[in-house]
Undergrad: 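Okay, handing you the structure first.
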Amino acid sequence: MMKNNFKNLLLTGITIMGLAACEKNLLENNIPQHFPDDNATAYVKFIHAYAGKTPALTSGAGPNVLMYLNDTLGRITAVNNPLSFTVSGGQYPTPSTATTNVRSWYTAVPSGSFTMLGVLARLSGTVPAPVAGDTIFRSAVNLQPGKNYTAFLSDTLQSPSITLIPDEYGTIADGKYKIRLANFVAWPGDIQEVYSYREKRVIISNVGYKTAGAFIELDVPSQRDTFVIRKLSGPSPADYSTTILGFSPVGKRAYTLFTRGKQLSGTSTTFQSYTGSFTTNY
């Protein structure tokens, strides 16, 4: 009996060693995966919220720009994918889908203190190196390692710049989602708020120009929500609002609603390119 037990133990040991050797071979044969070092990398998404037509190369809201991080670090946006007011909701990297169920990605960049530049995209195909006069703004930014940011290209006519907003949403409870508002309608002094049809109340209030409110946590609705983003107060001569229909948030996700556009003049009641949209932060 003991002889048989010893034989069984020996066979078991050989089998375990064989499996371990097989697993080792499988692991050794895997192609190594390389990930950005969070100690030297930050993560940025860009949103084009500058509705000024000058400078611009088209009749629509513009301009289309290529983003640079310092002159020496090179271009951030792809050769054939300049940041545009109208393409992909003004977002880069391009969201993989228009629904809220898929996250909008970030692009990895070096962390540290840099100058972020926007350069006119003069061609739809191959983009030549920038020439004198093509740089439309330079903005100082500080990118902390391992952090996520949304960089809004914005400001009033003739004064484009980058507003860098940290995407700090913290933990999100089961059955909940988080949301905030970023106000980039080019009328300094205007304050905006968000009304939710499902909540039957104002959920976000007192968000000033070129700022984003804090993330708030809400229950995931059983049906899609409709948001009305509207002017609460401010010096612009007209009230205005925009509606986001069929918003279907996913649990444990974070979203930013944002507004873009500008009034045509100091007395005009007409807005140019005034829109409300959203991006998924997580």
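Hydrogens, waters and symmetry mates play no part in the numbers below; they use all other heavy atoms, side chains included.
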Undergrad: Within the distance-only criterion (no hydrogens, no angle test), does the side chain of Y282 pair as donor or acceptor with the backbone N or O of G170 below 3.5 angstrom?
TA: no
Undergrad: Do V207 and V194 come within less than 4.5 Å of each other through their side chains, counting heavy atoms only?
TA: no
Undergrad: Hey, mind stepping through N281 and F215 against side chain to side chain contact (heavy atoms under 4.5 Å, CB included) and telling me if it holds?
TA: CA-CA 11 Å; N281 299 107; F215 283 98; 3.6 Å; yes
Undergrad: Once side-chain contact (heavy atoms from CB on, under 4.5 Å) is applied, do any residues pair with S277, and if so which ones, sequence neighbours excluded?
TA: F258
Undergrad: Take H48 and Y92, measure what side chain to side chain contact (heavy atoms under 4.5 Å, CB included) needs, and give me the verdict at the end.
TA: CA-CA 9 Å; H48 195 315; Y92 179 85; over 6 Å; no
Undergrad: Please evaluate residues E217 and I172 with respect to the criterion side chain to side chain contact (heavy atoms under 4.5 Å, CB included), reporting the C-alpha separation (whole Å), side-chain torsions for both, the decisive distance (0.1 Å), and the verdict.
TA: CA-CA 8 Å; E217 193 171 72; I172 306 173; 4.0 Å; yes
Undergrad: N148 side chain to T150 main-chain N or O, any donor-acceptor pair under 3.5 Å?
TA: no
Undergrad: Listed by chain and number, what are the side chain to side chain donor-acceptor pair (under 3.5 Å) partners of S113, not counting sequence neighbours?
TA: N142
Undergrad: Considering residues at least two apart in sequence or located in another chain, which fulfil the salt bridge (Lys or Arg N to Asp or Glu O under 4.0 Å) criterion with D167?
TA: R180
Undergrad: Quick one: closest heavy-atom pair of V44 and A151, and the distance?
TA: CG1-CB, 3.9 Å
Undergrad: Do Y169 and I165 belong together in a cluster built from hydrophobic side chains that touch within less than 4.5 Å?
TA: no
Undergrad: Which is it for K210 and F184 under the side chain to side chain contact (heavy atoms under 4.5 Å, CB included) test, yes or no, and what are the steps along the way?
TA: CA-CA 5 Å; K210 291 178 64 176; F184 282 90; 3.9 Å; yes
Undergrad: Please report the shortest heavy-atom distance between A186 and Y209, naming the atom on each side.
TA: CA-CE1, 3.6 Å
Undergrad: Residues in side chain to side chain donor-acceptor pair (under 3.5 Å) with T242, at least two apart?
TA: none
Undergrad: With no hydrogens and no angle check, do the side chains of D190 and Y240 hold a donor and an acceptor under 3.5 Å apart?
TA: yes
Undergrad: If two hydrophobic side chains count as joined below 4.5 Å and joins carry through other members, does V220 share a cluster with L218?
TA: yes
Undergrad: Looking at L69, N70, V109, L153, which hits side-chain contact (heavy atoms from CB on, under 4.5 Å) with M116?
TA: L69
Undergrad: Go through the structure and list residues passing ring pair (Phe, Tyr, Trp, His ring centres under 6.0 Å) with Y195, not counting sequence neighbours.
TA: Y197
Undergrad: Counting only N and O atoms by type, is there a donor-acceptor contact under 3.5 Å from the side chain of R224 to the main-chain atoms of L245?
TA: no
Undergrad: Are L66 and V87 linked, directly or through intermediate hydrophobic residues, by side-chain heavy-atom contacts shorter than 4.5 Å (ILVMFWY only)?
TA: no
Undergrad: What pairs with K231 under salt bridge (Lys or Arg N to Asp or Glu O under 4.0 Å), at least two apart in sequence or on another chain?
TA: none
Undergrad: Would you check if the distance from the ring center of F227 to the ring center of F278 is below 6.0 Å?
TA: no
Undergrad: According to salt bridge (Lys or Arg N to Asp or Glu O under 4.0 Å), does anything in residues 168-179 pair up with another residue at least two apart or in another chain? List the pairs.
TA: D174-K252, K176-D219
Undergrad: Return the orientation label for the Y177 and F247 ring planes: parallel under 30°, perpendicular over 60°, tilted otherwise.
TA: tilted
Undergrad: Please determine whether residues L83 and I47 belong to a single hydrophobic cluster, defined as Ile, Leu, Val, Met, Phe, Trp and Tyr linked transitively by side-chain heavy-atom distances below 4.5 Å.
TA: no
Undergrad: Would you mind listing every salt bridge (Lys or Arg N to Asp or Glu O under 4.0 Å) that reaches into residues 191-202, with sequence neighbours excluded?
TA: E193-R230, E199-R201
Undergrad: Assigning hydrophobic clusters by single linkage (Ile, Leu, Val, Met, Phe, Trp, Tyr; side-chain heavy-atom cutoff under 4.5 Å), is M67 placed with F152?
TA: no
Undergrad: The criterion is ring pair (Phe, Tyr, Trp, His ring centres under 6.0 Å); which residues satisfy it with F46, sequence neighbours excluded?
TA: none
Undergrad: Evaluate side-chain hydrogen bond (donor to acceptor under 3.5 Å, both in side chains) for Y68 paired with R75, printing each intermediate quantity in order.
TA: CA-CA 4 Å; Y68 285 77; R75 191 160 59 234; 3.1 Å; yes
Undergrad: In the hydrophobic cluster built from side-chain contacts under 4.5 Å, what are the other members alongside L232?
TA: I191
